[in-house]
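Basis for what follows: all heavy atoms, side chains included, without hydrogens, waters or symmetry-related copies. Chain letters run A, B, ... following the sequence lines, proteins first and then strands; every chain starts at 1.
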Protein chains: 2
Amino acid sequence: MLSTAGFAGIAALIGDPARATMLALLLDGRALTASELAAAAGITPQTASAHLARLTEAGLLAMERQGRHRYHRLASAAVAQMLESIMAVAAGQVAVAPVRPRTGPRDAAMRLLRSCYDHLAGQVAVALADRLAARGQIELSPDGGALTEAGRGFFAEMGLALPEARGGRLICRPCLDWSERRPHLAGRLGTALCGFCLEQGWMRRVGDSRAITVTPLGWQALHQRFALSPQDF
Amino acid sequence: MLSTAGFAGIAALIGDPARATMLALLLDGRALTASELAAAAGITPQTASAHLARLTEAGLLAMERQGRHRYHRLASAAVAQMLESIMAVAAGQVAVAPVRPRTGPRDAAMRLLRSCYDHLAGQVAVALADRLAARGQIELSPDGGALTEAGRGFFAEMGLALPEARGGRLICRPCLDWSERRPHLAGRLGTALCGFCLEQGWMRRVGDSRAITVTPLGWQALHQRFALSPQDF
DNA sequence: GGGATGCTACGGCGCCGGTCGAAGCATGAC
DNA sequence: GTCATGCTTCGACCGGCGCCGTAGCATCCC
């Protein structure tokens with residue numbers, strides 16, 4: 001077959017626990033240094049260096065040098081989507097397993113709200129998508145989605161600049177959440193909405209994790225715009 | 001992190017060349033026996049048996065016994081989509097590599113038209129999607145897609161029964177083609193269209209490969225309905 | 001029944017690759 | 001200049017896993 005070799009090679013790269021941890025850490029779209037990634041994966045810098053070189057060589061990561069630091073990030077959205085789809089399958093088989101692994105408070109924050117490459121994921125993100133769908137502002141299915149005229153007006157009134165897609169239609173790609181197992185907003189609309197929430201000060205990244213917190217101003221806005229309150233979660 | 005362990009485990013399973021070959025072979029959605037898969041992967045039946053047991057255990061494959069045969073197939077569409085997304089990334093890095101691996105006639109047939117789990121892929125499939133988009137019968141983007149009113153009428157006139165999605169909208173998920181690097185029709189519409197072409201005798205599966213050929217009747221229909229001719233490829 | 005076929009369980013061999021220690025280069029701080 | 005920091009390269013160790021041979025179990029044919 002044409003691409004079986006490269007196919008298995010890519011998967012094998014992701015298959016190593018240390019590399020998988022680093023890739024998962026980069027899934028929020030930010031760029032991290034080799035040292036940070038090494039510490040996160042629990043390996044020495046020299047080992048991480050070899051891993052990062054292979055990942056970059058394979059086209060999964062992109063690297064840019066800045067002074068004596070070298071920042072590594074995911075090479076493309078296609079890579080992020082691949083990682084997400086693997087996580088979705090992995091989460092599915094966890095659900096089959098009888099043992100539900102103990103989840104600490106850090107995981108709780110991650111499950112509530114987090115960044116997913118360039119958009120929002122977690123309970124809040126799923127709830128947002130649900131509200132929009134219930135109001136007929138978007139239409140979602142496992143296979144695709146669309147923004148309705150009502151939705152277009154809603155976002156315009158909110159002050160969110162909506163990029164146009166070919167054909168005059170805005171696109172929202174559903175992204176299967178590994179914790180919720182429900183689709184949420186990705187695509188151009190998901191990216192725009194995520195950026196808007198951060199710019200407006202509604203949400204803030206937490207430390208060096210993928211977790212995101214909603215600010216008091218954010219809860220006010222979510223309540224007003226989406227009828228969502230903290231006690232809903 | 002919650003799912004890093006299982007995440008790497010899934011990828012490691014796909015990372016082995018023998019298992020990757022078997023999974024790629026099952027990507028057309030059919031169920032094959034352990035012996036067939038062993039022969040395709042170039043390993044002995046006992047080795048294949050161990051591989052298949054692990055893949056089934058992990059929830060990637062489903063197995064059903066029928067007499068003294070045991071048929072293995074992909075466990076879900078989520079698994080198929082995961083494999084496709086990995087192939088898309090793998091194909092992308094091949095394009096970066098300067099060496100274009102030699103492709104035989106079998107690969108040529110695969111590139112022209114093949115099945116992709118439950119829908120069509122390859123040059124013909126991409127051309128079909130292009131025609132529909134150019135006529136305004138569907139709207140495609142890397143993130144999602146939708147069937148327009150014009151498209152709904154077109155398929156109804158053709159005699160294709162269209163399943164309804166929630167919200168009254170039909171969904172066509174774009175699926176990035178590993179050979180063409182362009183989106184083609186997946187989702188409910190893609191599945192329905194693939195089944196329709198096979199039922200009408202427009203296309204036929206070739207042997208035990210994923211390749212699909214267009215019958216003379218099929219070329220006639222493709223010319224009439226989509227203005228596509230064999231010399232277009 | 002006897003024999004053939006499809007598949008699986010067990011044991012041992014061999015090797016790929018992940019790991020770290022030590023050393024070598026860069027870049028920046030002073 | 002001298003030193004410190006961040007990262008990479010090299011060499012060697014070794015654990016894990018893919019592989020097959022042999023044997024055992026289930027199913028079908030005659």
Side-chain angles (χ1 to χ4, degrees), chain A residues 1 4-26 30-73 75 208, chain B residues 4-26 30-73 75 90 208:
Chain A
M1 179 144 335
T4 297
F7 171 57
I10 296 291
L13 281 177
I14 310 170
D16 177 74
R19 287 192 293 259
T21 302
M22 294 191 284
L23 289 171
L25 209 66
L26 292 169
R30 280 181 303 181
L32 300 177
T33 67
S35 304
E36 292 170 317
L37 290 168
I43 54 180
T44 59
Q46 59 268 29
T47 303
S49 177
H51 285 315
L52 292 170
R54 294 185 58 183
L55 290 171
T56 303
E57 165 84 10
L60 297 187
L61 294 184
M63 190 261 287
E64 45 191 305
R65 45 215 327 160
Q66 206 165 47
R68 59 179 160 181
H69 296 277
R70 282 152 197 224
Y71 288 95
H72 299 266
R73 59 175 174 80
D208 53 357
Chain B
T4 298
F7 171 57
I10 296 291
L13 281 178
I14 311 170
D16 177 74
R19 286 193 293 259
T21 303
M22 296 191 281
L23 288 171
L25 208 66
L26 292 170
R30 280 182 303 182
L32 300 177
T33 67
S35 304
E36 292 171 318
L37 291 168
I43 54 180
T44 59
Q46 57 268 35
T47 303
S49 177
H51 284 314
L52 293 171
R54 293 184 59 184
L55 290 171
T56 303
E57 165 84 10
L60 296 187
L61 295 185
M63 189 260 287
E64 45 190 303
R65 44 209 338 155
Q66 205 165 44
R68 59 179 162 184
H69 296 279
R70 279 149 200 228
Y71 287 94
H72 300 264
R73 59 175 174 79
D208 52 358

For atom OH of A:Y71 and atom C1' of D:dG6, their distance in whole Å
11 Å
Take atom CE of A:M22 and atom C1' of C:dT19, then tell me their distance rounded to the nearest Å.
13 Å
For residues 39-46 of chain A, which side-chain donor-acceptor pairs fall under 3.5 Å, sequence neighbours excluded?
unit_1	atom_1	unit_2	atom_2	d
A:T44	OG1	A:T47	OG1	3.1

For the atom pair CG (B:L23) and NE2 (B:H51), what is the distance rounded to the nearest 0.5 Å?
10.5 Å
May I ask you to test the B:R19-B:L13 pair for a side-chain heavy-atom distance under 4.5 Å?
yes
To the nearest Å, give me how far apart CG (A:L52) and P (C:dT19) are.
12 Å
What closest approach, in Å, do B:A8 and A:P17 show between heavy atoms, and which atom pair accounts for it?
CB-CA, 3.9 Å
Just by protein heavy atoms under 4.0 Å, how would nucleotides 18-28 of chain D read 5' to 3' in B, S and -?
SSBBB----BS
A:S49: partners by side chain to side chain donor-acceptor pair (under 3.5 Å), with sequence neighbours left out
none
